[in-house]
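Report on the following structure.
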Amino acid sequence: MTNLLSYTHFPVYSIMVLFLGAFLVVIAGKSKALRHIFAICAVTASLACLIALIKPVMIDGEVIAYWMGAREPAGGYAIGIALEVDALSLFFGLLIATAVFVSCCYSITYMRFDENVSQYYTLFLMLSGGVIGLVLSGDLFNMFIMVEILTFAAVALTAFRNKAHGALEAAFKYLVVGCIGSTCILAGTIMLYAQARTLNFAQLSAFIPGNFNTSTIIAFALLYIGFSTKAFIVPFHPLAADAHGAAPASISVLISGVLTKSGIYGIIRLTYFLFQSMALGKMQFLLVFIGSVSMFVCVTMALAQHDFKRLLAFHSISQIGYVLTACGLCTALGISAGLYHAMNHTLFKGLLFLAAGAVLQQTGTTDLNKLGGLSKRMPHTTVLFLIGAFSISGIPPFNGFASKWMVYQATYQKAVESGNIGFLFATIIALITSVLTLASFVKVSQSVFFGQLPEEYKDVKEVPFGMRFAMGIFAVLCIVTGLFRELVTHYLTEPAARAVFDVGKYINSMLGDGYASAVMGANAPVRTEVVFDMAGTWQPIHWLLLLCILLLAITLVALLGRYDTVSENKAALAEGKFDIFFGGEKSVPSQVGGGDLFWGFKHNWRHYFSFMHDLHSGIVNDYALWAVVALALAMLYMLIVL
Amino acid sequence: MFKNLITESTAKSPWLFHINSGSCNGCDIELVAVLTPRYDAERFGFKLAGSPRHADIVVVSGPLTQQSLPRTLRAISQVPEPRCIVTIGSCPQSGNVFKGSYSVMAPLSKYVHVDVAVAGCTPKPEAIMDGLVQATEILKEKRKAWLEAKKNGLKDGPKAETEQEVPAAEDVPASGEEVQQ
Amino acid sequence: MILFNYIASFFLIVLGFYCIVTKYNAVKTVIGLSIADYGVNLLIISIGFNPGGTAPIYTWGELNPSSFFVDPIPQALTLTSIVIGACTTAMSLALVIKLKESYGTLDTREIRRLNG
Amino acid sequence: MAIVYSSLVYLGYILIFPGFLFCFVAGMLITGIDRKIVAKMQKRVGPPILQPMYDFFKLMGKETIIPAAANKTVFLAAPIVGLAAMVVIQLFIPVISTPILYGTADLIVILYLLLIPALAEIYGGSASGSPYAGVGLSREMVTIIACELPLVLIFLSVAKTVGNAMGTGLCFSLSDIAAYQAANGSLMLKASMIPAAIAMLLVIPGETGNHPFDAAEAETEICEGMLAEYSGAPLGIYKLTHAIKTFTLTALFVALFLGGIGTGIVLLDALIEFAICVVLTIIFISLVHAVTARLKIEQLFKYYWTAVSTIALISLVLAWFGM
């Protein structure tokens, strides 16, 4: 019996602990404390296992191949189911485990008013187990099983509060189009099995690139569409908008932070490993085009929203567009930038959804037209929300800027190297989307946290400490990953990017050395030296030092100038001295927020906005139609290109 | 060390906030005439400010009708402290030809301490200019008085001569004769 | 002979998708989903078929080079896929019942509170 | 000892030379000249050149009223953060062709740093809770979106042109651009760069929110927009930020397009740069201010996203095909 505590077993432990936790939570039954302990222990154990794997996988560059049931491959054929952990899967695994941990801490206090919460934790742990299983598994059918687990758990959790507005409808739509996606993945897996007679990921990626025929290409299209339904990319983005709008906030964190990343992980594995077709210009064009379209469409849809969580949902798809554009460039810097942005997106989007959950719990609504001025009643949530808003809109010291900055470098460098003007448009769209993201978060902060406090929210109290603690973790991570850009890229994203370009090692470590060159012969993937140099320079620490010194200088100047603020005195208060200036009128509460912001922009784009509003009709059949049409187009495109 | 610089510049860049409390617009166009190229009040740093928060000198014109009185006083109260109040034309001083009407609450000095009153039914732009320049001198004294007042804890500035309880427009009875002197 | 299975499974998948897309009744959408699922199950099973092979069940002693079996792996996959199909149908029917309860109708054209 | 000396020099950079003091004086002078030119255009005598200084010190002396409905901390912190960020941008822009802080920031960073002062004003206005401020910040945000597209196209075309010449195909770092211009003539002389320069000059009034594009702070319509509830020192700091922004953007134009004319001596360069900035302000801000009427917000947006962007696009396409 090999030593049970050696790190090779940790991938299985991190998955099994979560499923075991899901089982124990049901046994815990009525007692709340026991249930919370089981949930937190399961999630922390899983995170700890993955953190322990950083040393061997990321730093030493080792790829862990773990055969379930110790069934080693016999005669060159992989028989058992395998888990394979290389830098890419560990990167996504860490990301997912952190988001799951913070969301679990948050949901302990967030779900205290709901009933039958033990089912909530079971589904929560099943969902997280499924996602980490998907990310770490080295077997294609095992990935399909994990996709099914997480889809069912996510659908059930979306409809958890079935009294909420539109929760059931969102769950039903998510289930229908999600199952179309899963059917496509299953059909694709089977067609690959028909060709290669194996389901092991490494063996498939050794076998397939050699002999492309119509059925493998159709399998590629099916798998691609299947995974993009999981990542909610453009033709499938209304699902995410509906699902986030209705799901509890801690689940929205998981859906937007975790499920979309598992979809992106699937697409990266598919295009870079299974079919190794990313070198083709046409394939890069497909991913970058879809990424840019989803970037722009979703950010303009977000600007037109009246609901806080739906706005955040559309933003998470637009940020996924960034990630896809960067990863579709097939350059080392592009993948490193894309993965860095995926990590940052999980952090700041998680923070924003938790803030939305806090607002929903205290005021009962997330409608931008009804809320206002909450910063006076909920100061901590406002500060945490602002950190998230500045991060997502890419304001320099925060992490959003660091990764967006790398994405622009990557896309523009690719445009210059390949001479193809399409990537230049991707850079321009990315920059414009960033400003529109900033605009929509100014809209949210004005209509929810600043402006005037409506009557009915006069006695709103701050959220309990448990929720603020969870948001605090995300906020600290947002600032830290923004400031120490070099550390993050050196230890996390660059090893993952190297792993993406080193398919040979991936195959050999699973099926014995020399296997790849034996099977693939000529086009065996050779280990290319990967370079990450950038044309621009940016040191956040330096900039922050400057800002602090200047802040000191200017506060001195301000104080020098008799910065005497007049506290309210009774006589002046009666006179109306401290009322808002209304042209002399008695100040009537009138909140400028929600729909009546950015008239200039919306007026110029009114035809576009009305067209997009009608396009998202909310009918299940339309979304299913988009899915099927996207499948047909993908098949056609793949058959022409490959 | 900036103290005298600040006091000097208080006089050098007085910003106006114009309140029209029911005037026949004669004084309003005269005030604007002061800012035209011919008289050019901007030579002395005058500038029309959009909101009372930005103003130093409050220029009131018109006979303070019943509806506009509480609003005028609220706007004046919203102006930050070292401020002067200048009235243009004889309407705010005495109600001019409208004196005795049920809806005219005429002399502004009943409610607020008026620093400079530029008389004349539409005073000439030169007269307004002269009044405003005098107001900038008064502004300096006011600033010194305000600093002393703040130093020994007195919160609000000098009182108007005949302090009157401000009849809020809503509850003033329609007939309004007892308010009429 | 096996070609007929492939055509049938392709036809079932396309029929399932057609039913999901065009039918405006939620229950019919669920039916469409399960039809597409059965189509894929038929595809999985027919891939594993070797003409002339017997069921892959043997006692330890009898295994000799002449025995020729059908490929066992797709059969295992089909079992899992059938179970997943059953779960999908069960969950979607539960949702449909709740939808009928809260929306009062099964017509998907009415169930569109979240749009735009 | 070296560390103490270098940190003193570093502090000197921040607080005196290209930092706070230099920006303060330069910004105030440029705004003073701008107001004087506008007055002269209207045949008026106009305020003295030091009028902005008097305004600033008067506002420092006035009482600061914080409305009851306002969020106190953000209301007071926003102007200070805005001013600090504005001066930081000025530090990153090389004085004609000698970079002050080498290798700390590049074009895209400048593009994003320009957002912070505008955001400071927006969050200051929204923290004050006034409906005028709400309308003001909505217009300010649309102005930022409007000015973003031309700026993006200009920066990408400059990066591409300098990249072509330097062989790396792409160069974002400001210090390299300055070095390139010092070596072989300012970019303004290249044929493909003239549309970008014109577009940049058209963007400057919009980015600083000067007269024809000041829908966000329209005194007549929405009582000073976002600054409606500000009085005293915070208002003075906002006015100072606005003044420095005019200077910084013209200095950015000089650094990007007129890099070649530097003499190498930093102080002399600073004076030359200031002189050019004054000339540019007179032509492209004061004259435009004197002769045009205020645009409505959607006309402003349409103007920037159609007219100015096509001019910038021309130079990007020219740069793209290696002209």
Side-chain angles (χ1 to χ4, degrees), chain B residues 1-19 32-57 74-84 129 136 139-140 142-144 146-147 149-150 155-157, chain D residues 28 31-32 35-36 38-68 70 75 125 128 130-133 136 214 216-236 238-239 290:
Chain B
M1 85 243 178
F2 282 104
K3 194 163 303 306
N4 47 21
L5 177 63
I6 290 177
T7 321
E8 278 315 310
S9 49
T10 317
K12 279 207 169 61
S13 87
W15 290 354
L16 310 177
F17 180 70
H18 174 236
I19 300 177
V32 176
V34 162
L35 295 163
T36 51
R38 183 171 168 74
Y39 299 98
D40 191 12
E42 206 176 350
R43 284 178 282 150
F44 306 106
F46 289 106
K47 189 169 83 111
L48 265 182
S51 120
R53 303 286 190 205
H54 297 198
D56 300 325
I57 298 173
R74 183 174 296 113
I76 287 174
S77 75
Q78 285 172 349
V79 176
E81 195 34 56
R83 63 179 177 220
C84 292
M129 184 82 83
T136 54
L139 206 55
K140 269 202 258 180
K142 283 228 157 181
R143 176 172 158 70
K144 292 193 181 71
W146 174 60
L147 287 181
K150 271 189 79 60
K155 269 289 175 260
D156 29 30
Chain D
M28 287 302 179
T31 327
R35 275 176 76 173
K36 189 76 171 178
V38 167
K40 286 297 176 200
M41 281 287 292
Q42 298 164 354
K43 289 217 311 247
R44 286 193 286 127
V45 174
I49 299 293
L50 295 179
Q51 186 58 34
M53 299 266 193
Y54 299 136
D55 292 349
F56 178 72
F57 286 113
K58 174 208 75 175
L59 285 171
M60 294 307 273
K62 276 186 81 75
E63 175 195 23
T64 307
I65 298 177
I66 299 174
F75 187 78
S128 68
S130 138
Y132 290 122
D214 64 351
E217 290 139 18
E219 313 84 47
T220 46
E221 297 147 22
I222 44 175
C223 323
E224 303 288 334
M226 291 165 287
L227 308 177
E229 287 308 316
Y230 272 94
S231 59
L235 180 60
Y238 269 126
K239 294 287 179 194

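Computation of the quantities below employed the complete heavy-atom set of this structure, encompassing side-chain atoms and omitting hydrogens, waters and symmetry-equivalent molecules. Order of the sequence lines sets the chain letters (A, B, ...), proteins ahead of strands, with each chain counted from 1.
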Interatomic distance, [X] atom [atom1] to [Y] atom [atom2] [nearest 0.5 angstrom]:
| X | Y | atom1 | atom2 | value |
| --- | --- | --- | --- | --- |
| Arg38(B) | Lys43(D) | CZ | NZ | 11.5 Å |
| Ser13(B) | Leu59(D) | OG | CG | 6.5 Å |
| Gln78(B) | Ile65(D) | CD | CD1 | 8.0 Å |
| Leu5(B) | Met60(D) | CG | CE | 11.0 Å |
| Asn4(B) | Phe57(D) | CG | CZ | 11.0 Å |

Provide the closest heavy-atom pair for [X] versus [Y] in the form atom of the first, atom of the second, distance.
| X | Y | result |
| --- | --- | --- |
| Ala228(D) | Ser51(B) | O-OG, 2.9 Å |
| Asp40(B) | Arg44(D) | OD1-NH1, 3.2 Å |
| Arg143(B) | Gly61(D) | NH1-O, 3.0 Å |
| Arg53(B) | Glu229(D) | NE-OE1, 2.9 Å |

Compute both the distance and the angle, then confirm whether Lys62(D) meets the cation-pi test with Trp15(B): under 6.0 Å from the six-membered ring centre, within 45 degrees of the axis.
no

Begin with the C-alpha distance, continue with both residues' side-chain angles, and end with the deciding distance and a verdict on side chain to side chain contact (heavy atoms under 4.5 Å, CB included) for Glu63(D) and Trp146(B). CA-CA 10 Å; Glu63(D) 175 195 23; Trp146(B) 174 60; 3.7 Å; yes

Original post:
Are Asp56(B) and Lys58(D) close enough, and set up right, to give a side chain to side chain contact (heavy atoms under 4.5 Å, CB included), and what steps lead you there?
Top reply: CA-CA 10 Å; Asp56(B) 300 325; Lys58(D) 174 208 75 175; 2.9 Å; yes

Against chain D, label [X] side chain, backbone, both or neither, depending on which of its atoms sit under 4.5 Å from a heavy atom there.
| X | value |
| --- | --- |
| Ala11(B) | neither |
| Thr7(B) | neither |
| Leu139(B) | neither |

Applying a strict 4.5 Å limit to non-hydrogen atoms, the region of Lys40(D) in contact with chain B is neither

#### Entry: His54(B) side chain near Leu235(D) side chain, heavy-atom distance below 4.5 Å
yes

Side-chain touch Glu8(B)/Tyr54(D), heavy atoms, less than 4.5 angstrom
no

Checking heavy-atom separations under 4.5 Å from chain B, one finds in residues 46-53 of chain D Gly46(D), Pro47(D), Pro48(D), Gln51(D)

Heaviest contributor of heavy-atom pairs below 4.5 Å to chain D, chosen from Ser9(B), Ala55(B), Ala49(B), is Ser9(B)

